[in-house]
Amino acid sequence: MQKKYQLKHVGKIPVKAPLVDESKFQINYRNELNPSQYDAVCAVEGNYLVIAGAGSGKTRTLVYRVARLVEMGNDPSSILLLTFTRKAAKEMMDRAAILLDNRCSKINGGTFHSFANLTLRKYAKAVKLDNGFTILDQSDSEDVINLIRGQLNLSQHKKRFPNKQTIFKVLSLSVNTGRTVENILEEEYPHFAEYLEKFNQIGQVYTSYKRQNNLLDYDDLLVYLRDFLFELSPAAKSLLNSIKYTMVDEYQDTNKLQAEVIKGLSQIHQNIMVVGDDSQSIYSFRGANFKNIMEFPKLFKDVKQITLEENYRSTQEVLNFSNRIIEFAVEKYPKHLFTRKTGGELPGIISASNENMQSRFIVDKILELREEGIPLNDISVLFRSSFHSFDLEIELNKANIPYMKFGGMKFIETAHVKDMLAFLRIALNPSDFVSWYRVLLLHEGIGPKKAQMIMDEIASGKLSIKVQPEKGVGQKYNDRIFNLFSFLHEIHTKNQLPADKAELAYKYFEPIFMDKYDDWNKRKKDLDIFMNIAENYRSLDSLLADMALEPPQDSVTDVDAADKEREFLTLSTIHSAKGLEWHSVFIIHAVDGFFPSAQSFDKLENLEEERRLMYVASTRAKQNLFVCYPMHIFDRHNGITFAKPSRFIETISDDLADQWLLEE
């Protein structure tokens, strides 16, 4: 008779992590990294939070970790690196490839939105999407909202109804932060609270409009991706099984939706490493959530924390100043930046009797630094808000100091580039009505009503660019519309490279463009740049997806004057300066009410974010840091008012900074 055996679990046998034999590696990781960086690079299985202080070699750490995971024999495509700009992802992958070999450039790297775009197109069936969807960028979304706003006759209200930008901002913020529209209106737009129902109505129409026309906005990309991951369908499991290691850069800048995407990615392998600095979380106006990095250890299992505190950028004197500013933060991960660099000078806190004296001091100091051999390119002036630098700009112009200003209108937001893109987007997706609306209104004699009529005919199939337009179009509408349809038919049906399609669009658009813009000669350079960009693409949809997801940053309108000089001083908002560094940095208008801004006084978390802004600004300096403020400010209503220095520099003692007083 056969005996029956019963198997019993006697506690789990612990799986020992295989010891890695580093002698076989091409790179000597221990020699190349400091101890904390080495710990982070060797952290393989499990969830990790790397708090990387300013200038502590965060990128280096991520690059070496990618190389080490590949050296350990992991398939490069099983590593996913999410960043906030494609430039950052590309730079890290290139650096890892140079460090090790080309396998590193085969990892999955990109922005949250580009990863979402590729994933949704690949698994479109499982997500119930048509994989030819068009991506709406912010101003397209605003145009759709405007269309809906027009259809709902909301401009008939006796009181002012919010504009398209505000409506879109509220709806988008709600999706990104998980807050209700009601909550956002109450807290941030109380004067529009009575329109809550209308906001929700517009939101519903907007959602179904996108569904009908195969359109996705930025937020949809992440919403669809998150839902796809959590549904855990066979397709989602197949994706999650293929991604073994997920790394996220700049985690302090993620919003609630992005944090949920990361949670979704960790469902199978539980190997997530996020890198960031809570003290540099400064983008709440875009929906970034400071709580994400603070609550990471609660959200994920068995999180181990590694802190990078050795700074490779600044002198200890600059770091002592910055450490003191952040020391008073209410909520933070404690860290103390230190460096081995020697030979620094104390930062200066400079009080000037008025704003113009502040400007003249800065001009004199810049000329002095220039004499000492510090190039203008290595000097910057940072400010809380763009208008703080107006007086300084006048003084710089008088002194013939070339400068470039950052933190304003971006290349892709310029109307003429949007116009040009609209033609190409219709060629790709003939039912892209946002682009139709824009294109039709460019033509003389077509207003919103007439445009809507033509779009209704396109929607019902009476008019189409898929067929050569009959003369009938010309009889019913004017020749302009006939010509428009002929031209769109040509770029829709012809099998050409994006650059050739762009060339046709340019020819058609040029007379309209010269008629519409008084300063077309300045703007023309932006169109030339766009034509150059188009040359690099083989397919129209990848060109348009990139223009929506990864727009080039600055308009040539800004760059042109300074370009001739090549060497220029940087003027920048602090938000636009994050991640950069200069030999000498000036922070201006450090006055309560300006920096921190008066709007932040009512809420502790807003004030705390202003403190982090000051920390980000001061940690940009490698050698010299000057914090300036005027003691008297001209206020249009009250004449001259007495100004109080920023509360953030009030706590700075004499051993941390030299106090200077400027007098006429």
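What you see is a predicted model, and the numbers here were worked out from it, not measured in a lab.
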Asker: Please state whether the rings of Phe626 and Phe586 are parallel, tilted or perpendicular, taking 30° and 60° as the class boundaries.
Answerer: parallel

Asker: Do Asp75 and Lys106 meet the salt-bridge criterion of a basic N to acidic O distance under 4.0 Å?
Answerer: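 Judged by the 4.0 Å cut-off on N to carboxylate O distance, Lys106 and Asp75 do not form a salt bridge.
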
Asker: Taking the side chain as everything from C-beta on, heavy atoms only, tell me whether Phe168 gets closer than 4.5 Å to Val144.
Answerer: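 The answer is no; the side chains never approach within 4.5 Å.
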
Asker: Are any side-chain N or O atoms of Asn176 and backbone N or O atoms of Ser172, one a donor and one an acceptor, separated by less than 3.5 Å?
Answerer: yes

Asker: Tell me whether the guanidinium CZ or amine NZ of Lys210 lies under 6.0 angstrom from the six-membered ring centre of Tyr206 and within 45° of its axis.
Answerer: yes

Asker: We want to know whether Ser141 and Asp137 form a side-chain donor-acceptor pair, criterion being a heavy-atom distance below 3.5 angstrom.
Answerer: no

Asker: Are Val66 and Met247 side-chain neighbours, meaning at least one heavy-atom pair lies under 4.5 Å?
Answerer: yes

Asker: Between Lys87 and Glu91, is there a salt bridge with N-O shorter than 4.0 Å?
Answerer: no

Asker: For the residue pair Glu609 / Ser284, report whether a side-chain donor-acceptor contact shorter than 3.5 Å exists.
Answerer: yes

Asker: Using atom types as modelled and distance alone, determine if a side-chain donor or acceptor of Thr619 lies under 3.5 Å from a backbone N or O of Val616.
Answerer: yes

Asker: Ignoring hydrogens and angles, tell me if any N or O in the side chain of Asn271 forms a donor-acceptor pair with the backbone of Asn47 under 3.5 Å.
Answerer: no

Asker: Is there a side-chain contact between Leu625 and Val627 in this structure, where contact means two heavy atoms from C-beta onward sitting under 4.5 Å apart?
Answerer: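 The answer is yes, as the side chains (C-beta and beyond) meet within the 4.5 Å cut-off.
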
Asker: With a 4.0 Å cut-off, would you call Glu581 and Arg313 a salt bridge?
Answerer: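 Answer for the salt bridge query: yes.
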
Asker: Do Glu250 and Lys58 meet the salt-bridge criterion of a basic N to acidic O distance under 4.0 Å?
Answerer: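 Yes.
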
Asker: Looking at every non-hydrogen atom in both residues, tell me the closest pair between Leu99 and Ala67 and how far apart they are.
Answerer: CD2-CB, 4.1 Å

Asker: Nearest 0.5 angstrom please: Arg384 CZ to His589 NE2, how far?
Answerer: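 It comes to 13.0 Å.
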
Asker: Can Glu610 and Tyr615 be counted as having a side-chain donor-acceptor contact under 3.5 angstrom?
Answerer: no

Asker: Within 45 degrees of the axis of the six-membered ring of Phe601 and under 6.0 Å from its centre: does Arg647 put its NZ or CZ there?
Answerer: yes

Asker: Is there a side-chain hydrogen bond (donor to acceptor under 3.5 Å, both in side chains) between Asn320 and Gln316? Walk through the geometry before answering.
Answerer: CA-CA 6 Å; Asn320 292 342; Gln316 192 61 52; 2.9 Å; yes

Asker: Identify the residue among Lys335, Lys291, Arg611, Lys332 that makes a salt bridge (Lys or Arg N to Asp or Glu O under 4.0 Å) with Asp278.
Answerer: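 Among the candidates, only Lys335 passes.
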
Asker: By side chain to side chain contact (heavy atoms under 4.5 Å, CB included), which residues pair with Ser242, not counting sequence neighbours?
Answerer: Leu239

Asker: What I want to find out is whether Arg324 reaches Glu327 closely enough, with some N-O distance under 4.0 Å, to be called a salt bridge.
Answerer: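 Result for this pair is yes, salt bridge flagged.
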
Asker: So do Val275 and Leu62 actually touch side chain to side chain, heavy atoms under 4.5 Å?
Answerer: yes

Asker: Is there side-chain contact between Gln305 and Pro297, with heavy atoms separated by less than 4.5 Å?
Answerer: no

Asker: Does NZ or CZ of Arg340 come closer than 6.0 Å to the centre of the six-membered ring of Tyr312, within 45° of the ring's axis?
Answerer: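 No cation-pi geometry.
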
Asker: Do NZ/NE/NH1/NH2 and the carboxylate oxygens of Glu608 and Lys603 come within less than 4.0 Å?
Answerer: no

